[in-house]
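So the structure is just underneath, and the comments pick up after that.
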Amino acid sequence: KIEREMFAVTPKYKFFYEGDMNPFPDFTAEGSFSERKYTFKNGLGETIARVGRNFFEVVTDVDEYQVEVAAGVDAAAVLAVAVVIDEDHDEEDARERREKQEKEGGGFFRLI
């Protein structure tokens with residue numbers, strides 16, 4: 001299960017393994033999600049993974065990331081959460097663009 005803290009000073013994602021009765025997240029993701037640069041931390045606050053957007057993404061228009069995962073960490077879970085975070089922020093970015101266009105009177109057709 002993945003939860004997004006909505007009312008935190010900075011956004012935070014929490015990951016819980018399915019069937020885990022522990023009320024605390026197995027790991028969290030914090031950082032600059034709009035820039036797609038963030039870290040994953042375990043329950044002790046230790047960094048277990050880092051995610052960063054690839055510089056050349058702007059040129060190729062393809063989502064490319066660099067992901068570093070510490071030894072012994074469930075890399076598949078980290079990658080799955082990173083994909084969820086990316087999709088969440090892609091949708092948020094698209095909504096903000098639509099709202100900006102509507103506010104400016106833009107959209108597909110414009111009156112001249």
Side-chain angles (χ1 to χ4, degrees):
K1 169 172 95 166
I2 301 169
E3 292 180 357
R4 180 179 178 185
E5 277 190 16
M6 300 301 283
F7 302 108
V9 175
T10 58
K12 180 190 266 187
Y13 288 84
K14 297 177 180 180
F15 174 79
F16 302 83
Y17 281 104
E18 180 104 13
D20 188 353
M21 300 307 292
N22 182 0
F24 303 103
D26 291 288
F27 57 84
T28 59
E30 300 179 65
S32 178
F33 297 109
S34 60
E35 295 177 19
R36 309 304 198 271
K37 186 174 182 175
Y38 48 93
T39 58
F40 287 90
K41 296 187 178 195
N42 64 16
L44 301 173
E46 302 166 328
T47 298
I48 59 170
R50 290 185 181 92
V51 176
R53 181 178 258 170
N54 191 339
F55 173 75
F56 296 105
E57 179 180 332
V58 176
V59 176
T60 62
D61 196 31
V62 174
D63 290 340
E64 294 182 22
Y65 291 88
Q66 295 177 335
V67 181
E68 297 176 58
V69 181
V73 174
D74 186 351
V78 168
L79 291 172
V81 174
V83 169
V84 169
I85 291 170
D86 182 63
E87 286 299 310
D88 189 33
H89 285 276
D90 281 350
E91 291 173 9
E92 193 173 291
D93 292 346
R95 181 181 43 77
E96 288 173 2
R97 281 193 301 273
R98 268 193 319 275
E99 289 173 357
K100 183 179 177 184
Q101 284 179 343
E102 290 171 3
K103 184 178 179 182
E104 294 174 350
F108 189 71
F109 296 102
R110 280 196 155 144
L111 297 175
I112 299 177

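Just the heavy atoms: all of them, side chains too, but no hydrogens, waters or symmetry mates, feed the values below.
To the nearest 0.5 Å, atoms CZ (Phe33) and NZ (Lys12) are separated by 9.5 Å.
Grouping the Ile, Leu, Val, Met, Phe, Trp and Tyr side chains by contacts below 4.5 angstrom, directly or via other members, places Val73 with Val81.
Taking each heavy atom of Gly31 and Tyr38 in turn, the nearest pair found is CA-CB, 3.8 Å. Shown here for Tyr17 and Ala77, the closest heavy-atom pair between the two residues is OH-CB, 3.9 Å.
Scored by the salt bridge (charged side-chain N to carboxylate O under 4.0 Å, His left out) test, Arg50 finds no partners at all (sequence neighbours excluded). Among residues two or more places apart in sequence or in another chain, the salt bridge (charged side-chain N to carboxylate O under 4.0 Å, His left out) test is passed with Lys1 by Glu3. Taking Glu18 as the reference, nothing meets the side-chain contact (heavy atoms from CB on, under 4.5 Å) condition, with sequence neighbours excluded. Legend: residues meeting salt bridge (charged side-chain N to carboxylate O under 4.0 Å, His left out) with Glu87, ordered by chain and number and at least two apart, are absent. By the salt bridge (charged side-chain N to carboxylate O under 4.0 Å, His left out) test, Asp86 is found to be paired with Arg36, residues two or more places apart in sequence or in another chain being considered. The side-chain hydrogen bond (donor to acceptor under 3.5 Å, both in side chains) check on Tyr13 picks up Asp88, His89, with sequence neighbours excluded.
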Original post:
Going through the checks in order, is the side chain to side chain contact (heavy atoms under 4.5 Å, CB included) test met by Phe15 and Val78?
Top reply: CA-CA 9 Å; Phe15 174 79; Val78 168; over 6 Å; no
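Residues Phe16 and Asn22 form no side-chain contact, since every pair of their non-hydrogen atoms from C-beta on lies 4.5 Å or further apart. Counting only heavy atoms from C-beta outward, the side chains of Glu35 and Arg53 never approach each other to under 4.5 Å. Put simply, the side chain of Phe27 does not reach to within 4.5 Å of the side chain of Asp74, judged on heavy atoms.
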